[in-house]
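Structure first, then comments.
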Amino acid sequence: MEYEFKYIEAKWREFWTQNETYKVTEDTSKSKFYVLDMFPYPSGAGLHVGHPLGYIASDIFSRYKKLEGYNVLHPMGYDSFGLPAEQYAIQTGQHPARTTEQNISRYRDQLDKIGFCYDWTREVRTSSKEYYKWTQWIFIQLFNSWYNPMSNKAEDIQSLIEIFEQHGSQGVNLEILTGDIEKNVAPFTANQWKSLDQKKQLEILMNFRLAYLGESFVNWCSALGTVLANDEVVNGVSERGGHPVERKLMKQWSLRITAYAQRLLDGLELIDWSESIKETQRNWIGRSEGCSIFFPLDASKGGKSKGSSVDYIEVFTTRPDTIFGVAFVTLAPEHDLVFKITAPSQLEQVTSYVAKSKNRSERERQADVNTISGVFTGAYVYHPFTEELIPIWVGDYVLVGYGTGAVMAVPAHDERDYKFAKYFEIQFKQVIIPIDKEHNIEKEAWTEKEGRLTNSDFLNGLSVKEAISKAISEISYKNFGKSRVNYRLRDAVFGRQRYWGEPIPIFYENEIPFALSEKDLPLNLPEVDKYLPTEDGEPPLARAKNWKHKNNCEYELSTMPGWAGSSWYFLRYMDAQNSREFVGKGKAEYWQNVDLYIGGSEHATGHLLYARFWSMFLFDRGHIPFDEPFKKMINQGMILGRSSFVYLIIGENKFVSHSLKEKYNCVPIHVDISMVDNDKLDIKAFRRWRPEYSDAQFICEADGSYICGFEIEKMSKSKYNVQTPDELIDKFGADTLRMYEMFLGPLEQTKPWDTNGITGVHSFLKKFWRLFHITGAFEVTEAEPSKEAMRTLHKTIKKLRDDLDRFSFNTGVSSFMICVNELSDQKCNSRHVLEQLTILMAPYAPHITEEIWEKLGNDKGSLIRASYPLFDQKYLVESSFFYPVSFNGRMRFKLNLPLDLSKEEIQKEALENKDTVKWLEGNIPKNVIVVPGKIINIVF
RNA sequence: GCGGAUGUGGUGAAAUUGGUAGACACGCCAGACUUAGGAUCUGGUGCCGAGAGGUGUGCGGGUUCGAGUCCCUCCAUCCGCACCA
């Protein structure tokens with residue numbers, strides 16, 4: 001009987017669906033285990049073989065845990081809002097909901113074919129009303145919350161109102177509360193607060209809400225017609241589409257993730273994630289310790305603080321030890337004070353410089369970091385200690401979004417300041433002298449944090465480390481500034497001027513934004529006639545007809561970004577059908593956080609940071625019982641394509657085979673991998689591929705075949721190297737595909753896809769099948785299994801358990817191969833052994849094992865309730881061992897000795913062996929190392 | 001520039017605690033059965049060498065009886081961050 005994978009796999013797919021085999025409930029009699037896959041965005045292209053890699057691994061692990069007796073939550077859903085569907089809608093006029101629906105059903109077909117054990121009753125889609133109702137609800141929770149630095153957690157905004165009513169803003173650390181994007185609110189007393197009208201009060205509260213409408217510099221992408229969050233901008237262009245991005249001051253909905261900067265950083269210590277992702281998040285959060293220093297403005301020169309109460313410039317520095325080396329102060333071009341302080345004589349130059357920097361895109365600014373530019377404002381500040389006058393410059397090497405948007409420039413000890421000073425010929429002095437190190441201040445800055453302070457008044461003679469703390473305490477003592485921790489992390493812009501996303505549940509009354517009440521949710525995405533901005537540049541939602549709150553108030557017109565829905569989807573899976581709560585308390589209590597999360601590392605600074613932020617917030621507000629969403633994460637490596645090439649001789653319609661190509665003047669051309677088998681080109685198919693090749697000539701190898709060259713590249717349509725799971729499942733079956741994807745190499749490693757090897761795995765499954773069909777018909781014996789068979793079985797059990805526990809899926813497949821090879825050689829036909837092996841293999845190859853399980857006489861579909869085989873050491877006990885005998889560390893021969901010999905006896909046996917005499921070549925052994933059961937090493 | 005990861009046959013890789021390097025598979029070579037099938041089976045296959053043997057885990061050094069594994073220096077590739085004060 002042949003291994004008919006097509007019949008078998010179709011049969012079991014049908015059975016699992018009909019019987020809801022993989023449905024899970026909150027069974028408190030079992031321990032839970034939560035295995036999560038990263039949310040796919042259902043793109044039009046469907047899945048290629050790289051996508052399911054992580055899904056297969058997590059599926060194997062889920063099935064293993066089920067067989068181990070755990071109650072495993074293993075769900076799947078779709079991140080179905082997003083730009084590509086909307087771009088497609090703009091081009092074709094088709095509603096994005098329709099294309100999304102089509103893409104999802106294609107994804108579902110593909111996923112189903114692979115045989116995953118998802119509980120589809122828990123499927124979620126971010127674009128469904130039932131789901132985004134709760135995304136909106138969470139937004140409202142954020143809107144109604146503030147971050148209390150005293151309790152160090154998010155609280156209801158009501159508790160802030162109470163503070164204001166009782167104490168005003170005294171005693172509350174405004175700087176921390178408002179972050180540093182917006183301007184600080186001037187302090188007020190309780191009475192002043194009470195005397196404010198509602199509008200004014202709400203304006204002040206807006207500075208504290210965790211979801212807030214604020215004016216800030218945002219990444220504006222005009223090609224996409226929307227703002228983008230920092231993580232959506234890569235190298236100064238949009239992540240999606242690669243369009244230019246510029247900085248623009250805009251009023252935008254943002255989330256105050258900065259309030260959680262320290263907790264997001266600290267939490268990394270407690271979770272089991274790859275070091276590289278943790279490091280990326282640390283960099284992104286970018287904590288630096290230092291202090292802020294106030295430099296009083298000089299009123300006599302420049303146009304000091306026109307119409308402003310501010311009479312100082314605040315800088316942030318991590319090197320307060322170099323305070324006496326300050327040569328100038330530089331402001332970012334966008335800094336508030338620039339035009340308030342610029343002297344009339346410099347106004348023209350400053351204006352043109354600022355205009356020029358504003359017009360440069362982010363990309364340009366980043367691309368030319370080596371070009372130094374800047375302009376003097378004509379204004380000065382005083383040095384807080386020496387009271388010397390220090391010139392104020394504007395330079396675009398200072399970023400408005402970092403620190404205070406102003407730096408104290410110390411050319412002697414900072415590279416950028418050094419270059420700037422050299423370029424503009426600004427005088428400076430050295431305040432740190434390196435000890436025992438070659439250094440020439442005329443050539444470069446001394447930026448190491450070592451050396452002795454000089455020219456620095458009270459800091460003279462101190463080391464850098466001592467000087468930093470002394471400087472900070474002196475600066476605080478004299479009120480020149482204060483110690484401060486600064487983060488690179490920015491608040492996340494949350495509004496998008498796009499159609500295909502969750503409407504932000506806000507309406508405006510007298511221009512004051514109010515959140516919808518829970519009973520008015522969901523705020524449905526309205527229909528529009530076009531998916532483009534309006535003629536006056538308003539977002540697409542402005543096209544919606546009669547779309548008003550209570551027929552009266554305007555709704556917010558921007559929608560949420562793609563990452564909104566994916567920031568909490570793992571919670572919804574726990575209770576996907578709940579219409580009263582985003583997740584029921586009991587269900588969240590039972591499932592807790594994700595035990596194993598498998599996905600790509602490309603979401604390091606986006607999704608993975610936002611999901612942590614939302615979890616911490618929901619935890620603070622008592623909605624979920626944990627603050628870190630994903631306890632352990634594994635990042636699967638990318639699967640690269642293996643492109644094939646033919647070599648066209650320039651100027652001719654003639655192709656030359658790989659090994660002969662050097663002899664001709666030719667160019668490589670990508671050729672579709674479906675026409676290439678084991679690097680041999682199917683010439684007929686190639687001629688049919690394109691009309692211009694129909695009469696192409698070929699210079700072949702000696703054996704008459706045309707051999708293609710290859711290169712490893714990303715899979716893409718344009719390179720004709722995309723391999724879809726569908727074709728492979730059609731040819732070899734899902735079980736083969738699953739095992740082959742695992743067999744390819746370690747899960748976390750980037751690796752090339754090579755279809756050739758798949759036949760090896762397929763043969764293995766056939767060989768496994770043959771174990772049960774030795775004579776052709778299905779047949780197993782009840783007879784006592786042989787010792788060797790039991791040894792093979794238990795060796796495999798031990799190996800598989802070890803491999804699964806350390807997520808080494810590739811070595812697991814090898815072990816099955818070894819096991820089946822050995823059992824075949826032994827002609828093992830024992831029911832006991834083969835049944836145990838069947839359970840062992842069930843996580844990897846669920847279809848074939850179900851079929852065998854049924855044939856073995858078990859209840860149909862009961863395999864998922866079997867117990868994973870236990871390892872018993874007693875079957876592995878051996879009485880003798882082939883000792884490798886080494887001489888000076890080099891293995892020379894093997895010696896079979898009983899394992900119960902003592903070290904001395906082993907040494908004696910080894911030294912008396914005739915081969916030993918030969919290898920000693922007359923030398924006297926100096927030392928003999930004996931490790932029982934391992935090795936003998938003779939040193940001479 | 002900073003940070004992370006990775007370097008082992010023709011290819012994908014294995015070696016989990018420092019103890020027989022290259023398991024398992026692809027490919028290749030030889031053969032069997034065949035009647036052409038992407039079928040199955042047997043044997044071989046790191047490199048050099050006819051062989052004995054030598055040599056071998058990116059390079060160079062070190063620790064050790066013994067190093068792919070630990071330490072130091074360097075090189076290469078990939079990924080992330082990058083005027084972050």
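Chain letters run A, B, ... following the sequence lines, proteins first, then strands; residues in each count from 1.
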>> With rounding to the closest Å, how many angstrom separate the C1' atoms on B:G58 and B:G68?
In response: 12 Å
>> Quick check on contacts: within residues 746-755 of chain A, what sits under 4.0 Å from RNA chain B by heavy-atom distance?
In response: A:Pro746, A:Gln749, A:Lys751
> So what does A:Lys926 touch, heavy atoms closer than 4.0 Å: a base, only the sugar-phosphate, or nothing?
Replying inline: nothing
>> Need to verify one output field. Residue with the more 5' nearest nucleotide on RNA chain B, A:Asn937 or A:Ala406?
In response: A:Asn937
>> With rounding to the closest Å, how many angstrom separate the C1' atoms on B:U17 and B:U6?
In response: 23 Å
>> Taking only side-chain N and O atoms of A:Lys731, does any of them lie within less than 4.0 angstrom of OP1 or OP2 on B:G38?
In response: no
>> Heavy atoms only, 4.0 Å cut-off, all strands: where does A:Ser601 land among base, sugar-phosphate and nothing?
In response: nothing
> What form does the base of B:G9 take, syn (within 90° of 0) or anti?
Replying inline: syn
> A:Phe816 and A:Phe768: ring-ring contact (aromatic ring centres under 6.0 Å, His included), yes or no, with the steps?
Replying inline: CA-CA 9 Å; A:Phe816 286 129; A:Phe768 170 72; 8.4 Å; no
> With both distances under 3.5 Å as the test, what is the Watson-Crick or G-U wobble partner of B:C33?
Replying inline: none
> Just wondering, more than 12 heavy atoms not from A:Lys680 lying within 6.0 Å of its NZ?
Replying inline: no
> Can you tell me how far P in B:G9 sits from the matching atom in B:A5, rounded to whole Å?
Replying inline: 22 Å
> Counting any heavy atom closer than 4.0 Å, what does A:Lys798 reach on the DNA or RNA strands: base, sugar-phosphate only, or nothing?
Replying inline: nothing
> Counting any heavy atom closer than 4.0 Å, what does A:Asp417 reach on the DNA or RNA strands: base, sugar-phosphate only, or nothing?
Replying inline: nothing
>> Please determine whether the number of non-hydrogen atoms from other residues, nucleotides or ligands lying under 6.0 Å from atom CZ of A:Arg806 exceeds 12.
In response: yes
> Relative to each other, are the rings of A:His762 and A:Tyr3 parallel, tilted or perpendicular (30° and 60° limits)?
Replying inline: tilted
> When all nucleic acid strands are considered with a 4.0 Å heavy-atom cut-off, which category describes A:Arg287: base, sugar-phosphate, or nothing?
Replying inline: nothing
>> Over all strands shown, is A:Ser763 touching base, sugar-phosphate only, or nothing at heavy-atom distances under 4.0 angstrom?
In response: sugar-phosphate
> Of A:Thr317 and A:Leu744, whose closest RNA chain B nucleotide lies nearer the 5' terminus?
Replying inline: A:Leu744
